[in-house]
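Worksheet: one structure, shown below.
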Amino acid sequence: MTPESRIYIAGHRGLVGSAIHRELRRLGYANILTRTRDELDLLNTNAVNDFFATERPEYVFLAAAKVGGILANNTYPADFIHDNLILQTNIIEASRINNVSRLLFLGSSCIYPKLAPQPMPESSLLTGPLEPTNRPYALAKIAGIEMCWSYNRQHKTKYLAAMPTNLYGPGDNYDLANSHVLPALIRKTAEAVEKNSPTVTVWGTGTPRRELLYSDDLAQACVFLMNLDDTRYNSLLNETDPPLINIGTGEDVTIRELAETVAEVIGFKGDLVFDATKPDGTPRKLMDVTRLHNLGWHHTTSLEQGIRKTWDLIHDTLATKA
Ligand SMILES: NC(=O)C1=CN([C@@H]2O[C@H](COP(=O)(O)OP(=O)(O)OC[C@H]3O[C@@H](n4cnc5c(N)ncnc54)[C@H](OP(=O)(O)O)[C@@H]3O)[C@@H](O)[C@H]2O)C=CC1
Ligand SMILES: C[C@H]1O[C@H](OP(=O)(O)OP(=O)(O)OC[C@H]2O[C@@H](n3cnc4c(=O)[nH]c(N)nc43)[C@H](O)[C@@H]2O)[C@@H](O)[C@@H](O)C1=O
């Protein structure tokens, strides 16, 4: 990308899209294209085609999606498969029609089998059954990877699929029913401190392990990938393997350890209570990040630093919601 490139961020108000937006502005890119959902509903094929034909983006970050935590995925499976299949198809096809130079499609670590070897290399794709709580979402994301790969083969496009691990940061969804674990724990713990409550309830058994990456680190990785020189970028796009790259830290913690770190950061001194009626989901999903490390990218924010940064940035807003 050059400073003048026309760069479209789909989903620029979300956790990931807003972090990519901040990173591109920090780096001085002058032609960043964004549209809110009200301005452009990505489920509307004609509207997406019109937008691409008019604005002619050269680079696309596909960070729009129907996203949610374990309960949201389990409660609204139809929305998760429907919205993701349609919006990603609309953007990928409009990118082809309008000769987008590079597109980065964001998937998720849940594309890998529930019992994949740990850490999970990119070659684990489609080697075993998926975790049932997010199978519809995962299948939509797998279809997106297959679409990037097929378009690259048939249409000679340069579409790359990045699979981030679980993410967190400012601008996350803090709704207790639909959010992911870390924003939920931050909010529950903050409310417990505020109300002087002796306990925080953590879903599931606390034994599943999760790897978490701070959203600004992810944004840096996305821009790094988009800016790879042709030789290294093309090495990720060969005909025999899906154009896939994991993004993560290569380190994970149990949900109990995560809840304890949040308690430490926020200053909660009470007890954690585990609600085993809620699903645990995948027992472990640690990314193998060898491919990314070999290209020269490493995360910089530790989990505790990231939680502290997030807490510092959001606690005032959260207090007004409590
Ligand atoms: N959060 C996480 O832990 C992880 C996320 N990812 C991936 O990263 C990407 C971004 O996720 P994240 O930022 O967390 O999600 P968010 O829910 O925070 O953001 C998604 C964005 O997509 C937009 N969007 C959704 N549907 C439409 C639509 N029909 N028309 C226009 N805009 C739409 C939303 O708009 P609006 O603001 O109006 O709702 C929002 O801005 C996704 O592909 C996800 O799979 C991968 C791994 C983990
Ligand atoms: C990013 C990823 O996110 C989802 O998969 P997930 O990792 O299972 O999601 P999660 O963050 O919601 O939960 C992680 C773990 O944490 C436990 N947990 C404890 N207490 C709370 C809690 O209060 N809220 C939530 N949500 N989880 C809690 C919870 O029971 C589980 O064991 C999918 O959308 C998937 O499709 C996807 O891509």
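One-based numbering, in listed order, for ligands and for the atoms of each.
- Judged purely by atom type and a 3.5 angstrom limit, Thr34 has no side-chain atom pairing as donor or acceptor with the backbone of His12.
- The closest approach between any non-hydrogen atom of Lys141 and ligand 1 is below 4.0 Å.
- Residue contact annotation: Asp83 has no non-hydrogen atom under 4.0 Å from ligand 1.
- The pair Asp230-Arg102 meets the salt-bridge criterion, with a side-chain N (NZ, NE, NH1 or NH2) lying under 4.0 Å from an Asp/Glu carboxylate O.
- For ligand 2, the polar-atom distance check against Gly68 finds a nitrogen or oxygen pair separated by under 3.5 Å.
- The shortest separation from a heavy atom of Lys278 to ligand 2 is not under 4.0 Å, leaving the residue out of contact.
- Residue-level proximity to ligand 1 for Val67 is carried by the side chain, the only part with a heavy atom below 4.0 angstrom.
- Not one N or O of Gly17 is nearer than 3.5 Å to an N or O of ligand 1, by distance alone.
- For Glu39, the CD atom sits in a packed shell: over 12 heavy atoms of surrounding residues, nucleotides or ligands are nearer than 6.0 Å.
- Heavy-atom proximity to atom 20 (N) of ligand 2, evaluated over Phe80, Phe274, Trp203, is greatest for Trp203.
- Ring to ring, Phe105 and Tyr159 are not that close: their centroids are 6.0 angstrom or more apart.
- The single protein non-hydrogen atom nearest to atom 35 (C) of ligand 2 is Asn134 ND2, 3.2 Å, given as residue, atom name and distance.
- Scanning the protein for heavy atoms near atom 8 (O) of ligand 2, the closest one is Arg210 NH2, 2.9 Å.
- A salt bridge links Lys278 with Asp275: the closest approach of a Lys/Arg side-chain nitrogen to an acidic carboxylate oxygen falls below 4.0 angstrom.
- A salt bridge does not link Arg210 with Asp252: every distance from a Lys NZ or Arg NE/NH1/NH2 to an Asp or Glu carboxylate oxygen is 4.0 Å or more.
- Listed for the Asn238 side chain is a donor-acceptor partner under 3.5 Å among the backbone atoms of Asp241.
- With Ala162, Ala64, Ala65, Gly248 as candidates, the residue nearest to atom 25 (C) of ligand 1 on a non-hydrogen basis is Ala65.
- Nearest residue to atom 5 (O) of ligand 2 from His180, Lys285, Glu131 is Lys285 (criterion: closest heavy atom).
- Only side-chain heavy atoms of Tyr137 come within less than 4.0 Å of ligand 1; its backbone N, CA, C and O stay farther off.
- The shortest N or O to N or O distance between Pro164 and ligand 1 is not under 3.5 Å.
- For a threshold of 3.5 Å applied to N or O pairs, the pair formed by Leu15 and ligand 1 contains at least one separation below that value.
- Both the backbone and the side chain of Ile70 come within 4.0 Å of ligand 2, counting heavy atoms alone.
- Assignment of Asn173 to the shell around ligand 1 is not supported, since no heavy atom sits closer than 4.0 Å.
- For Arg35 and Phe51, the positive end is not near the middle of the six-membered ring at less than 6.0 Å and at most 45° from its axis.
- A salt bridge is absent between Lys188 and Glu191: the closest approach of a Lys/Arg side-chain nitrogen to an acidic carboxylate oxygen does not fall below 4.0 angstrom.
- Comparing heavy-atom distances from atom 26 (N) of ligand 2 across Ala184, Cys110, Ser179 singles out Ser179 as nearest.
- Contacts between Ser109 and ligand 2, counted as non-hydrogen atom pairs separated by less than 4.0 Å, are absent for every part of the residue.
- In terms of N/O distances under 3.5 Å, ligand 2 is approached by Asp280.
- Relative to atom 16 (O) of ligand 2, the option among Val181, Thr133, Leu272 with the closest non-hydrogen atom is Val181.
- Heavy-atom distances between Val202 and ligand 2 reach below 4.0 Å in at least one pair.
- Here the shortest heavy-atom distance to atom 29 (C) of ligand 2, taken over Pro208, Pro164, Pro279, belongs to Pro279.
- Of the candidates Thr34, Val16, Ile86, Asn166, the one placing a heavy atom closest to atom 12 (P) of ligand 1 is Val16.
- Put simply, part of Thr165 is less than 4.0 Å from ligand 1, judged by heavy atoms.
- In the candidate list Ala140, Ser109, Ala63, Ala63 is nearest to atom 10 (C) of ligand 1, counting heavy atoms.
- Using a 4.0 angstrom heavy-atom cutoff, Thr282 does not count as in contact with ligand 2.
- Within the 4.0 Å heavy-atom shell around ligand 1 one finds Leu40.
- By the 4.0 Å N-to-carboxylate-O rule, Arg6 lies close enough to Glu55 to be salt-bridged with it.
- By the criterion of a heavy-atom distance under 4.0 Å, the side chain of Tyr137, and not its backbone, is placed next to ligand 2.
- For Phe52 and Tyr8, the ring centers sit closer than 6.0 Å to each other.
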